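A short worksheet on the structure shown next.
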Amino acid sequence: MKVILVYNANSGKLNALFDVGHKLLRPSTYPCSICALTYDTFSENAIWKTFREESKLNMEFYHKDEFENTFPNVQIAYPSILKLENNMLTTVLNNEVLDEIIDIEDNHKVKV
């Protein structure tokens, strides 16, 4: 089994620069809740990084353009967390649920 995290952002240095600017200038309108939860403005969130490095989960990370190239026939809303098992993708957390999580440190706080 593999856990696949798909960001609502495209890959590449120019896109990363635009993302940083968006996070700095209008963080409340940033469209990728996975990015917002797992990355601070300039680097990976320390709590998330520790979890990711110590986890026994097999995780893969995709920007939406990379996901669409790898899985061209799969339609999902971005961002999403998926499970790949026995060549089948299923959604674990969709964009609506991810958007409700306020921060990685205390994920039981959910916007109402």
Side-chain angles (χ1 to χ4, degrees):
M1 183 199 65
K2 202 177 285 187
V3 176
I4 297 176
L5 292 89
V6 187
Y7 300 115
N8 187 19
N10 284 317
S11 62
K13 291 180 182 180
L14 185 57
N15 288 316
L17 184 61
F18 285 128
D19 289 341
V20 167
H22 194 156
K23 286 181 189 179
L24 284 171
L25 299 173
R26 307 242 359 233
S28 65
T29 64
Y30 189 69
C32 183
S33 48
I34 292 176
C35 298
L37 291 169
T38 60
Y39 280 83
D40 299 324
T41 303
F42 298 106
S43 62
E44 192 171 13
N45 176 291
I47 291 171
W48 167 252
K49 183 176 181 179
T50 299
F51 168 77
R52 184 183 52 74
E53 290 176 345
E54 294 177 358
S55 175
K56 298 200 185 317
L57 291 172
N58 183 5
M59 291 186 261
E60 284 187 3
F61 301 85
Y62 292 92
H63 292 91
K64 63 184 179 180
D65 59 322
E66 297 164 331
F67 180 81
E68 290 169 358
N69 286 333
T70 304
F71 301 95
N73 298 319
V74 176
Q75 300 293 313
I76 62 170
Y78 301 104
S80 287
I81 298 177
L82 311 169
K83 176 176 74 169
L84 178 61
E85 189 169 36
N86 299 322
N87 292 320
M88 294 193 55
L89 276 174
T90 54
T91 301
V92 176
L93 294 173
N94 65 22
N95 62 320
E96 293 172 351
V97 173
L98 288 164
D99 288 346
E100 295 296 315
I101 301 171
I102 294 172
D103 77 36
I104 198 108
E105 295 178 58
D106 195 6
N107 66 12
H108 71 277
K109 292 180 182 175
V110 176
K111 292 185 280 184
V112 179

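In this text, all values refer to a predicted model and were calculated from it rather than measured experimentally.
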Item to complete: For K64 and N8, run side chain to side chain contact (heavy atoms under 4.5 Å, CB included): C-alpha distance rounded to whole Å, both residues' side-chain angles, the deciding distance at 0.1 Å, then the answer.
Response: CA-CA 6 Å; K64 63 184 179 180; N8 187 19; 3.3 Å; yes
Worksheet, complete the sentence: One should read off an interatomic distance between L5 CG and H63 NE2, to the nearest 0.5 angstrom, of 11.5 Å
Worksheet entry | NZ on K83 to CD1 on I4, rounded to 0.5 Å | 11.5 Å
Fill in: Minimum-distance pair of heavy atoms, taken over all atoms of F61 and E66
O-OE1, 4.4 Å
Worksheet entry | Between CG on residue L89 and CZ on residue F67, distance to nearest 0.5 Å | 5.5 Å
Worksheet item: Do V3 and V92 pass the side chain to side chain contact (heavy atoms under 4.5 Å, CB included) test, and can you show the C-alpha distance, the side-chain angles, and the key distance before you say yes or no?
Response: CA-CA 9 Å; V3 176; V92 176; 5.9 Å; no
Fill in: Joint cluster assignment, F71 & M88, ILVMFWY side-chain distance < 4.5 Å
no
Worksheet entry | Pairwise distance NZ(K49) to CD(E54) - rounded to 0.5 angstrom | 11.5 Å
Discussion item. Please check this pair: side chain of D65 against backbone of S11, looking for a donor-acceptor N/O pair closer than 3.5 Å.
Written reply: yes
Fill in: Test side chain to side chain contact (heavy atoms under 4.5 Å, CB included) applied to L98 - qualifying residues, sequence neighbours left out
S33, I34, P79, I81, L93, I101
Discussion item. Just to verify, what does N94 make a side chain to side chain contact (heavy atoms under 4.5 Å, CB included) with, not counting sequence neighbours?
Written reply: T91, E96, V97
Practice prompt. State the OH-OG1 distance between Y7 and T38, to the nearest 0.5 angstrom.
Written response: 4.5 Å
Fill in: Partners passing ring-ring contact (aromatic ring centres under 6.0 Å, His included) against F51 (at least two apart in sequence or in another chain)
W48
Fill in: CE-CG distance between M1 and L57, expressed to the nearest 0.5 angstrom
5.5 Å
